[in-house]
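Take this structure first; my questions come after.
Computed over heavy atoms, backbone and side chain alike; hydrogens, waters and symmetry mates excluded. Please read all numbers here as calculations on a predicted model, not as lab measurements.
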Amino acid sequence: MVPTRRRALQTVGATALAALAGCATDRIGGDSKPEYSLYVEPVDVSPVEHALYTPDDDPLFGAPARTALDAILPSGRHTTYGYRPLPEDAYLSHEGTYYQTAYVVTGRKLTQRHLVRVDTVPRESVPDDAVLVDTLDRPTARVVKILHSYTQTNGETSTADLLRDDAYVLRRPAERESRLATGELSGRVVTMTDSGAWAYRIRVDRERIVETAHTALAIEVASDRETFREVVFGSRIDAELDASGLSASARDVLTQAITRETYTESGSRSAAFEELLRALGVRGDDSVSGRLLWYDGSLYRYALYVSSPD
């Protein structure tokens, strides 16, 4: 799903946040004071261009997305079973008109699918002809890695919702043409490392399962760029500020955060920092990420990392 106003770009800045987390831990040490780190970085495109969705070039996700776009723009429909090739609520541009994707469930269908499962193989039982996962094509390797993560975390992995019970269902066109779908790897052992650690025997079964029909369509939201810009600001920009709307001290904090990409305070937050966080829509002591700021004619993404004492 494409993120909405308060969920935009959740993955953006994740690396920076991880770095901030490490730095915060180092600085706090045995100190009992919380630390607040504001991360701000420029976005080098306009809000309109940033909001528009463009599929990747890869065959796994990009190809079905482009097929769906060709079908729904400007007023068509495209149905897939068991998966959605396009993100929901994505903004699109077509011949000067702007649209947003939407999905409706239009039924169910009994469909034959390949289901992939894995069984753990002890290292001492790994055969000489075991296949290293990184030598596999991407659609195949991705499935094996998802099942590996599911197995190692006892189903607690973040990708568990991609599975049907303990099986991965091959649905996307690239998956249905992969080495898993051809049966080439069924019964073979795949290892996650050169040493043979984390080895699995692949099981591929063809089963009839009920798949939900997801129908995509495009809803017109603006007939020109100027109107669409207002749509973007109303739905994707989390904070809209200008220098005159901040005190000199709060403006200085934001300038430092932009210049250094990080501004940090420990313990009680200063009045200037509090003012800036309120203006950014950040309240309380919770970490936030993936937010967008329009400040004095430029676009930024920002996040706040809060390191609480143990």
Side-chain angles (χ1 to χ4, degrees), residues 1-11 48-116 138-140 142-143 146 158-178 180-181 204-225 227-228 230-232 234-236 290:
M1 176 183 294
V2 166
T4 53
R5 182 179 175 86
R6 290 300 174 193
R7 299 173 60 194
L9 303 173
Q10 289 297 320
T11 59
V48 166
E49 296 304 320
H50 189 271
L52 289 172
Y53 168 72
T54 302
D56 295 331
D57 293 330
D58 70 285
L60 180 58
F61 293 101
R66 289 191 296 273
T67 297
L69 289 178
D70 290 342
I72 69 173
L73 290 172
S75 58
R77 294 158 70 92
H78 181 72
T79 299
T80 50
Y81 294 91
Y83 76 102
R84 299 189 293 188
L86 293 170
E88 193 168 19
D89 298 330
Y91 288 129
L92 313 169
S93 176
H94 179 71
E95 296 181 351
T97 301
Y98 297 87
Y99 302 83
Q100 189 169 30
T101 60
Y103 273 98
V104 291
V105 173
T106 53
R108 298 192 302 169
K109 181 180 179 181
L110 188 62
T111 307
Q112 280 207 341
R113 296 290 199 201
H114 286 98
L115 277 68
V116 184
R138 185 188 175 207
T140 298
R142 175 177 173 270
V143 172
I146 289 172
S158 60
T159 56
D161 59 347
L162 297 177
L163 302 181
R164 183 186 181 95
D165 295 327
D166 62 344
Y168 186 95
V169 183
L170 303 183
R171 295 183 173 107
R172 295 177 175 274
E175 293 173 341
R176 299 201 302 269
E177 298 171 0
S178 69
L180 288 169
V204 182
D205 301 296
R206 189 167 175 82
E207 302 176 16
R208 291 176 65 83
I209 63 174
V210 175
E211 293 276 58
T212 299
H214 300 280
T215 297
L217 59 154
I219 300 172
E220 182 177 337
V221 296
S223 58
D224 57 75
R225 186 180 178 89
T227 304
F228 180 62
E230 296 304 309
V231 171
V232 172
S235 62
R236 297 291 170 82

message: Just so I know, are the side chains of E211 and R113 near enough to count as touching, which here means a heavy-atom distance under 4.5 Å?
response: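 The answer is yes, as the side chains (C-beta and beyond) meet within the 4.5 Å cut-off.
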message: How close do D161 and S158 get, counting heavy atoms only, and between which atoms?
response: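 Heavy atoms only, the tightest pair is OD1-O, 3.5 Å.
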message: The criterion is ring-ring contact (aromatic ring centres under 6.0 Å, His included); which residues satisfy it with F228, sequence neighbours excluded?
response: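 With sequence neighbours excluded, F228 shows a ring-ring contact (aromatic ring centres under 6.0 Å, His included) to Y91, Y98, given in chain and number order.
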task: Report yes if some heavy atom in the side chain of P55 is under 4.5 Å from a heavy atom in the side chain of F61; otherwise report no.
output: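 SC-SC contact between P55 and F61 ruled out.
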- request: Report yes if some heavy atom in the side chain of T97 is under 4.5 Å from a heavy atom in the side chain of H94; otherwise report no.
  value: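 Of all side-chain heavy-atom pairs linking H94 with T97, none is under 4.5 Å.
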- request: Quick one: pull up OH in Y81 and CG in L110 and give me the separation to the nearest 0.5 Å.
  value: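 Here the interatomic distance stands at 12.0 Å.
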message: Return the CG to CD distance between L60 and E177, rounded to the nearest 0.5 Å.
response: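 CD of E177 is found 11.0 Å from CG of L60.
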query: If you look at every heavy atom in T101 and P87, which pair is closest and at what distance?
result: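 For T101 versus P87, the nearest heavy atoms are OG1-O, 2.7 Å.
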- prompt: Would a 4.5 Å heavy-atom cut-off, applied to side chains only, mark L180 and V143 as touching?
  reply: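 Yes, at least one pair of side-chain atoms sits under 4.5 Å.
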- prompt: Excluding sequence neighbours, so at least two apart, what forms side chain to side chain donor-acceptor pair (under 3.5 Å) with E175?
  reply: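 Applying side chain to side chain donor-acceptor pair (under 3.5 Å) to E175 gives R142, Y168.
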task: Please indicate whether R108 has more than 12 foreign heavy atoms, meaning atoms of other residues, nucleotides or ligands, lying under 6.0 Å from its CZ.
output: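 Result for CZ/R108: open.
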Show me the donor-acceptor pairs, under 3.5 Å and distance only, between side chains in residues 65-78 and residues at least two apart or in other chains.
| from | atom 1 | to | atom 2 | distance (Å) |
| --- | --- | --- | --- | --- |
| R66 | NH1 | D56 | O | 2.6 |
| T67 | OG1 | A63 | O | 3.1 |

query: Side-chain contact, heavy-atom cut-off 4.5 Å: R172 with Y83?
result: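 Sidechains of Y83 and R172: in contact.
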Residue pair I209 / R164, side-chain heavy-atom distance below 4.5 Å: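 They are in contact (side-chain heavy atoms under 4.5 Å apart), so the answer is yes.
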- request: Nearest 0.5 Å please: distance from the CZ atom of R176 over to the NE2 atom of H114.
  value: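 Atom-to-atom, R176:CZ and H114:NE2 are 11.0 Å apart.
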Approximate separation, where rounding is to 0.5 Å, of L115 CG and R208 CZ: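 Between L115 CG and R208 CZ, I get 13.5 Å after rounding to 0.5 Å.
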message: Within 45 degrees of the ring normal and closer than 6.0 Å to the centroid, is that where the cationic atom of R84 sits relative to Y103?
response: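 Verdict for Y103: a cation-pi partner in R84.
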task: Quick one: closest heavy-atom pair of S178 and P139, and the distance?
output: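 Where S178 meets P139 most closely, the heavy atoms are CB-CB, 4.2 Å.
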- request: Please check if atom CG in D57 has more than 12 non-hydrogen atoms from other residues, nucleotides or ligands closer than 6.0 Å.
  value: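 12 or below, so no.
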Beyond-backbone contact of Q100 with L92, side-chain heavy atoms, under 4.5 angstrom: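 The answer is no; the side chains never approach within 4.5 Å.
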